[in-house]
Structure formats: structure tokens, C-alpha cells
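When reading the values below, keep in mind they use all heavy atoms of this one structure, side chains included, and skip hydrogens, waters and symmetry mates.
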There are 2 protein chains.
Amino acid sequence: MNLKELAASLKLSQTTVSRALNGYPEVREETRRRVLAAAKAANYQPNSRARRLATGRAMAVGHVVTLSDQGQMINPVFSDFMAGAGEVYAREGYDLVLSIVPAGEEERAYRQLASNGSVDGVMVQSPRPDDPRIALLQEIGMPFVVHGRTTARDSHSWLDIANTTAFRRATDLLLDLGHRRIALLNGEEKLDFARRRRNGYVAALEARGIAPDPALIAGAEMTEAYGYARARALLDGRSPPTAFLASSVLVAFGVGRAVGERGLALGREVSLVTHDDVLSYLSNDRDGPHFTATRSPIRAAGARCAEMLIGLICNPGTGPVQELWPVDLTVGRTTGPCPDT
Amino acid sequence: MNLKELAASLKLSQTTVSRALNGYPEVREETRRRVLAAAKAANYQPNSRARRLATGRAMAVGHVVTLSDQGQMINPVFSDFMAGAGEVYAREGYDLVLSIVPAGEEERAYRQLASNGSVDGVMVQSPRPDDPRIALLQEIGMPFVVHGRTTARDSHSWLDIANTTAFRRATDLLLDLGHRRIALLNGEEKLDFARRRRNGYVAALEARGIAPDPALIAGAEMTEAYGYARARALLDGRSPPTAFLASSVLVAFGVGRAVGERGLALGREVSLVTHDDVLSYLSNDRDGPHFTATRSPIRAAGARCAEMLIGLICNPGTGPVQELWPVDLTVGRTTGPCPDT
DNA sequence: TGCGGTTCCCAAAGCGCTTTGAGTGACGAA
DNA sequence: TTCGTCACTCAAAGCGCTTTGGGAACCGCA
């Protein structure tokens with residue numbers, strides 16, 4: 001059933017039917033009701049391909065997800081981020097088109113999405129401080145929202161959490177408990193968020209006159225295996241840390257495994273604070289929080305980013321929107337006083 | 001730059017340019033080269049909206065991902081599955097449109113994708129044995145591939161792994177090591193794969209004359225917290241299991257945590273076999289496999305399912321394609337002889 | 001009665017591509 | 001010369017919708 005047939009069956013023109021369906025005021029209320037009823041009865045859905053062509057809008061937004069160069073890994077936070085965003089897109093009638101590309105091919109992917117007009121805007125995730133995607137998207141005039149910040153942050157819309165403050169506070173918490181040798185198991189430090197977290201960590205140490213020990217700082221893709229391997233190596237070293245700062249719950253699991261294997265317990269011999277993106281399948285809250293953690297739900301961020309992007313698409317004139325979300329620190333069962341003091 | 005302008009600049013008709021670009025034989029080789037060069041120079045990309053309308057094909061496939069009713073959880077295997085599929089789609093020039101819907105709204109989502117013509121086919125994941133989506137899609141005539149099986153399996157294309165055999169062999173392995181009280185921490189048993197796994201487990205036990213103990217069997221969403229809580233409860237019970245069978249690495253992590261907390265060690269006091277989907281961020285292979293596991297990479301399954309789906313779309317006449325993949329069992333460091341024997 | 005203003009509805013022109021059906025010129029064979 | 005074949009190329013008709021630019025019918029008012 002298409003518009004033409006529907007119009008014919010109602011003995012109305014396509015114009016009137018289209019207007020009735022799309023809520024234009026030029027059509028009598030009674031006619032509109034008649035049209036709506038007939039559309040429903042015939043299970044009529046306007047053909048989205050035709051509509052997209054006629055309106056010149058794709059009614060779709062793109063998420064370009066990059067596979068890491070090493071492990072072809074797809075960052076586990078993306079799925080929750082998309083869940084949040086997807087809800088908003090669905091509500092607003094937008095499609096989510098997902099491009100999964102190997103590292104290094106993002107540019108091509110964005111260019112293609114733009115030039116063939118299959119999306120009205122794109123989401124940029126995991127930015128580096130000086131991310132080339134920003135300039136690219138500005139050049140081709142494609143609306144976008146960055147989840148995170150870049151050095152060009154004033155020129156575009158973004159949403160980020162207060163990474164520096166969060167890790168500064170987390171470090172302070174451990175310092176207050178008497179810990180002095182605190183290891184940081186960071187994400188990949190080429191990424192903006194990881195740099196900020198390191199900065200917060202370093203600032204907290206230096207504020208107490210403690211020089212950061214490079215041996216205690218690591219950065220890599222945030223997997224359980226990485227947390228395990230690094231924690232194990234550090235604990236077996238000659239001057240092991242008494243506390244860990246992990247940048248994701250997955251890494252924290254790995255640390256926990258290494259600690260447990262040595263017959264130590266988290267919250268007693270070894271303390272651990274992690275950042276928790278509140279991923280749906282990594283719940284930290286069965287009966288009270290297990291990990292002491294800086295928390296900020298990635299899913300809510302996804303929803304808000306999606307709203308911002310749709311706002312940008314619908315009102316192209318408006319300037320960039322920027323939001324910095326605070327992060328709260330909840331104490332769980334993995335932190336305790338430093339046993340050495 | 002659109003086709004009309006490109007044609008004008010070349011002093012050719014739109015027809016000829018279109019044909020040259022799309023590889024039709026009616027155009028002289030030299031003309032084709034000229035067109036190709038001009039298109040490249042002008043950075044011309046055909047407008048996908050127009051092309052979709054003209055060809056009547058969406059050049060897109062849909063993945064409908066359901067959020068679980070309880071935790072609004074998005075299954076972590078989806079992201080790796082999509083990574084595999086996405087690669088194939090990109091190669092074949094298809095877009096991936098992702099719908100994220102709350103439990104119970106899948107039907108509406110599929111109907112909508114179909115009736116507004118925004119995709120040429122869909123992927124069905126996490127089927128239940130008697131999944132209503134199958135009949136729905138068959139009724140509306142939308143090509144689809146099921147990742148998993150259903151009771152209507154003969155009537156549609158699917159790809160599945162040998163879940164029953166895998167869990168039977170995993171159970172046998174534990175039985176051979178002398179374990180008699182083996183707990184099964186299954187996925188949600190309304191899902192087809194979980195039923196099969198339970199069947200394999202039960203069959204192995206019964207083959208040795210052991211009656212399955214309902215107290216040792218659980219089914220739920222496969223999270224770390226679930227693995228931890230169940231393992232903890234079981235280990236604290238009056239007749240604790242000496243071995244666990246987990247249906248995902250995440251669950252296995254939880255079991256490991258509970259075991260470690262009690263001062264026990266995996267592979268010594270307690271044995272553990274898990275199914276491993278080889279998720280990119282849950283590597284089990286840092287230096288040799290950690291978990292003894294039945295393994296089958298979900299990502300490869302995603303890629304193959306995508307190929308099957310595109311095949312179905314391009315050759316609508318052909319009958320259903322079905323593939324059952326074997327699962328291999330690799331021994332890691334989490335299994336050992338039953339200490340009681 | 002005539003006239004401006006509403007209200008409701010319509011025909012037709014796009015949107016940018018693909019595809020059909022037809023035409024042109026060159027060339028060789030009859 | 002004429003005709004049939006190739007090898008190329010083109011004009012125009014869609015695809016199914018939205019939107020423009022009118023009209024017809026009716027109203028109240030002078």
C-alpha cells in the first residue's frame with residue numbers, strides 16, 4: 001500500500017493525505033481522522049526511502065566504532081552507550097547506522113557517510129586530545145557530538161565527565177587511608193580521558209609531595225587480562241604497591257584475580273578504586289557496591305549525547321552545546337587503611 | 001556534485017555516466033575511464049537516498065537488539081557479533097541499522113523495519129525455542145538469518161554452535177576428573193542455547209548414572225555478579241559442588257572471585273569449565289588459556305551470519321542455509337582432579 | 001451583489017538516481 | 001546503394017514521497 005493507492009481509496013489527493021498524516025494544519029479535522037483511520041486499517045507506512053529522498057533528510061545518525069589496532073577489539077562501553085543513544089533515536093524517529101571500521105579507516109568512513117548522505121549527523125567517541133576527526137567533520141559540515149573532549153573543545157559540542165577531578169579524588173581517598181605506593185592502571189594514554197585521569201592522579205600525589213613513580217603507571221586497553229597481568233607483575237616486584245587505581249571494572253576484576261591468587265584480600269592487604277561506567281552486564285551493586293568506585297553511567301551519557309546530536313541536526317543555527325558531568329565516588333568493600341602504617 | 005552536474009561537465013547524458021560508474025557493458029572503455037576520472041576528481045558519491053529509491057533496495061540490514069526486561073541489559077556478546085557482521089556489511093556495501101528495543105517490543109520493531117522499507121533483511125539473535133519472531137518474519141516476507149536455532153529450524157536459515165555436545169563434553173571432562181557434584185551456572189533457560197547446554201549437562205550425568213541435582217542448576221543473565229552470588233551461595237551450602245560449569249567468561253570471573261574469597265583455588269579445590277565466546281575484551285589467552293573452556297568465537301559467527309543474510313537478500317530464490325559449528329574444548333588452568341577422591 | 005479572507009483540497013513539480021526503449025553513426029556485407 | 005549489426009549514447013519515465021503554488025467553495029461584510 002502506497003500513498004497513491006491510499007489517496008485513491010479515500011478519493012483524496014496525495015497532497016491532502018500526506019498533509020493529514022504529517023499533521024499539517026490545512027486539513028479539516030474530520031478529513032484527518034478519516035485518513036488516519038484508513039491508514040491504520042490498511043497498515044500503511046510511508047516508504048522511508050521515498051520520504052528521505054523527498055525531504056533531503058536521512059533521519060538517521062551514524063556511529064562509527066573503531067576496532068583497536070592490536071586486538072581488533074571493540075570497546076565494551078560502546079554497547080551501553082549505544083543502548084542509551086538508541087532509546088533516544090527510537091523516540092525521535094531516527095535510525096542508528098553503525099559503521100565498524102578498523103583503526104585508521106575512520107576518516108574514510110566519516111567521509112563516506114557524509115558524501116553519500118546516508119546520515120544527518122554522527123557521534124564521535126573515544127577522542128584523542130588532538131583528534132583529526134574534528135577538523136574533518138567541521139570541514140565537511142556534518143553535525144556531530146563528541147563524547148569526551150579535545151583540544152578544539154570550544155569549537156564543537158561535547159559531553160564529558162570530570163575525569164581529572166574523579167581520579168584526583170580517588171587518589172586522595174587512597175592517600176587519606178595512608179597509601180603511598182598507588183598504582184595506576186590506566187586506559188590507553190593516547191586517549192583524552194586517560195590523559196585526564198593520569199593528570200588527576202599525578203596532581204593528587206604531587207599535592208602531598210609524592211613524586212609519581214613511572215613504574216607504577218601503566219596504560220593499555222582495558223581488559224581483565226591486562227589488569228591481571230599488570231597487578232601480578234607489580235605485586236611480585238620488589239616494592240609492590242599497596243593500592244590500585246583501575247580505569248574500568250574489567251581491569252579491576254583482573255586486579256582482584258591477581259590479588260586473590262596471592263592469598264591477599266581487596267580492602268585489607270590491598271586497596272582498589274576503579275572507575276565504573278555502570279555497564280549493564282558488569283553490575284557492581286548486587287548487595288551494596290563491591291568496588292570502591294568513581295561512577296558515571298555511560299548509558300545516560302549516550303542518551304544525552306543523542307539528544308544533543310538531534311538538537312544540532314534540527315537547529316543547525318545554534319552554537320555548540322557542552323556539558324561536563326560530575327562523577328561521584330562511592331565507597332565499597334575494596335578500600336581500607338594501608339596495612340604498612 | 002550530483003549526477004546531473006557530473007554528466008553536464010563531461011558533456012554526456014546521465015544515463016551514460018550512471019552506466020559507466022556502475023560497470024554496465026554498454027559504454028566504451030575510454031568513456032568509462034574519463035567518467036571514472038572525473039568522478040574521482042570531483043569527489044562524486046552517488047546520493048544513497050536517491051539510489052535506494054530508484055533501485056528499491058535499502059542496501060541495509062537491521063539488527064534488532066533487545067534489552068533484557070530486568071536490568072535493561074544489553075548482552076555483551078552483541079558487540080563482538082556485530083563487529084564480525086559489520087566487517088562483512090562494509091565489504092559488501094551494506095549499512096547496518098541497529099534498533100535497540102525494550103523486551104517485548106521486538107515485534108513492533110521488526111514490523112516497522114519491514115513496512116517502511118529501511119532494510120533488506122534482518123538478523124535474529126538469542127532466539128527462544130519457539131520464537132514468535134520467526135513466524136512474523138516469514139509472514140511479512142523479510143529475509144532473515146537466525147543466530148541460534150528454534151523449533152522451526154527447518155524452515156529458515158540459521159547458524160548455531162553445537163551447544164549440547166559442548167556441554168556434554170565439558171561435563172564429561174569434569175566427571176573424568178572424578179567430580180560428582182557439578183554445578184551448572186547457565187544462561188537464561190528460556191533461551192534455546194541455554195536449554196541445549198542444560199541438556200548436554202544432564203545427558204552426561206545420566207550416562208554415568210548420576211541424577212542431576214536441581215539445587216546445583218541455575219539460569220540467569222550471564223553477569224559476573226550472578227556467577228559470584230551463585231557460587232558463593234553454593235560453596236557455603238551444606239553439600240557444596242567441587243566443580244562449576246559456567247556459560248560465559250563473565251560468569252566464570254564471578255565464580256573465580258567467590259572461590260578466591262574462600263581461600264580456595266581454581267584448578268585445585270574447585271574446578272571450573274566455562275563457555276568462551278572469545279570476546280575481544282575478555283581474552284582468555286594472555287599466556288596460555290586461563291579457563292578450561294569450550295570455545296567458539298562469536299565474532300566469526302557474526303561474520304558468517306552476515307554473509308548468509310546477504311546471500312539470502314541477493315538470491316531470494318534459494319532455500320534456507322543452515323550451519324552447525326563444532327565447539328572445541330581447550331584445557332586451561334582451572335580444572336583438576338576432584339580433591340575428594 | 002461583489003469582494004477580501006478562510007478553509008480545504010488539488011495538480012504538478014521536484015528530490016537524484018536507475019532503467020527502458022529508442023536513436024545515431026560507422027562499418028561491412030549484400 | 002541499401003540494409004543489418006555493432007557500439008555507443010541519449011531522452012524520458014519512473015521510484016514514492018513532500019511541497020509549492022494555485023484554486024474552488026464558502027463565509028461574513030459592505
Chemist: Looking only at heavy atoms, what is the nearest atom pair of A:Ala20 and A:Val27, with distance?
Modeler: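 Nearest heavy atoms, A:Ala20 then A:Val27: CA-CG1, 3.8 Å.
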
Chemist: Mind calculating the distance between NZ (B:Lys4) and P (C:dA13) to the nearest angstrom?
Modeler: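 B:Lys4 atom NZ is separated from C:dA13 atom P by 14 Å.
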
Chemist: Answer yes or no on whether A:Arg153 is positioned over the face of A:Trp158, meaning its NZ or CZ is under 6.0 Å from the six-membered ring centre and within 45° of the axis.
Modeler: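 Checked: cation-pi criterion not met.
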
Chemist: Reckon B:Arg52 touches a base, only the sugar-phosphate, or nothing at all at heavy-atom distances under 4.0 Å?
Modeler: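 Counting heavy atoms under 4.0 Å across all strands, no contact is made by B:Arg52.
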
Chemist: Please find out if less than 6.0 Å separates the ring center of B:Tyr89 from that of B:His63.
Modeler: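 Yes; B:His63 has its ring centre under 6.0 Å from that of B:Tyr89.
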
Chemist: Do A:Leu113 and A:Ser99 come close enough that some side-chain heavy atom pair is under 4.5 Å?
Modeler: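 They are in side-chain contact.
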
Chemist: So, OP1 or OP2 of C:dT18: does either fall under 4.0 Å of a side-chain N or O from B:Tyr24?
Modeler: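 Answer is no, no contact under 4.0 Å.
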
Chemist: Rounding to an integer number of Å, can you tell me how far A:Glu26 CD sits from D:dG22 P?
Modeler: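 The distance from CD of A:Glu26 to P of D:dG22 comes to 16 Å, rounded to the nearest Å.
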
Chemist: Rounded to the nearest Å, what distance is computed from the CG atom of residue A:Leu3 to the P atom of nucleotide D:dT18?
Modeler: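 Whole-Å distance recorded here is 7 Å.
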
Chemist: So which nucleotide from C:dG16, C:dC9, D:dC17 ends up closest to the side chain of A:Asn2?
Modeler: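 In terms of side-chain proximity for A:Asn2, the closest of C:dG16, C:dC9, D:dC17 is D:dC17.
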
Chemist: What's the CZ-C1' distance between A:Arg34 and C:dC9, to the nearest Å?
Modeler: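 Those two atoms, CZ and C1', are 12 Å apart.
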
Chemist: What is the distance, rounded to the nearest whole Å, between atom CZ of A:Arg28 and atom P of C:dT7?
Modeler: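 Distance, rounded to whole Å: 13 Å.
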
Chemist: Check every atom of C:dC9, D:dC17, C:dG16 against the side chain of A:Leu12 and return the nucleotide holding the closest atom.
Modeler: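 That would be C:dC9.
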
Chemist: Under 4.0 angstrom, heavy atoms only, what part of the nucleic acid is A:Thr31 near: base, sugar-phosphate, or nothing?
Modeler: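 Result for A:Thr31 = sugar-phosphate.
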
Chemist: When we call it a touch if two heavy atoms are under 4.0 Å apart, what does A:Thr15 touch: a base, just sugar-phosphate, or nothing?
Modeler: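 A:Thr15: base contact, heavy atoms under 4.0 Å.
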
Chemist: So does A:Asn22 get a side-chain nitrogen or oxygen closer than 4.0 Å to the phosphate oxygens (OP1/OP2) of D:dT18?
Modeler: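 For D:dT18, OP1/OP2 do have a side-chain N/O of A:Asn22 under 4.0 Å.
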
Chemist: Among C:dT18, D:dG16, D:dT18, find the nucleotide with the atom closest to the side chain of B:Leu53.
Modeler: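 Output: D:dG16.
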
Chemist: Under 4.0 Å between any heavy atoms, over every strand shown, what does A:Ser18 touch: base, sugar-phosphate, or nothing? Just pick one.
Modeler: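 Base, at least one base heavy atom under 4.0 Å.
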
Chemist: Expressed in angstrom and rounded to an integer, what is the separation of B:Arg32 atom CZ from D:dC8 atom C1'?
Modeler: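 Distance, rounded to whole Å: 12 Å.
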
Chemist: With a 4.0 Å cutoff (strictly under), does any side-chain N or O of A:Thr16 reach OP1 or OP2 of C:dC9?
Modeler: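 Negative; the distance criterion is not met.
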
Chemist: To the nearest Å, how far apart are A:Met59 CE and D:dT18 P?
Modeler: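 Computing the A:Met59:CE to D:dT18:P distance gives 12 Å.
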
Chemist: Taking the side chain of A:Arg51 as its heavy atoms from C-beta onward, which of D:dA11, D:dC17, C:dC9 lies nearest to it?
Modeler: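 Closest of the options to the side chain of A:Arg51: D:dC17.
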
Chemist: Quick one: closest heavy-atom pair of B:Pro143 and B:Leu312, and the distance?
Modeler: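 B:Pro143 and B:Leu312 have their closest heavy atoms at CB-CB, 4.4 Å.
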
Chemist: Could you tell me how far apart B:Arg19 (CZ) and C:dA22 (P) are, to the nearest whole angstrom?
Modeler: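 My rounded result for the distance is 14 Å.
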
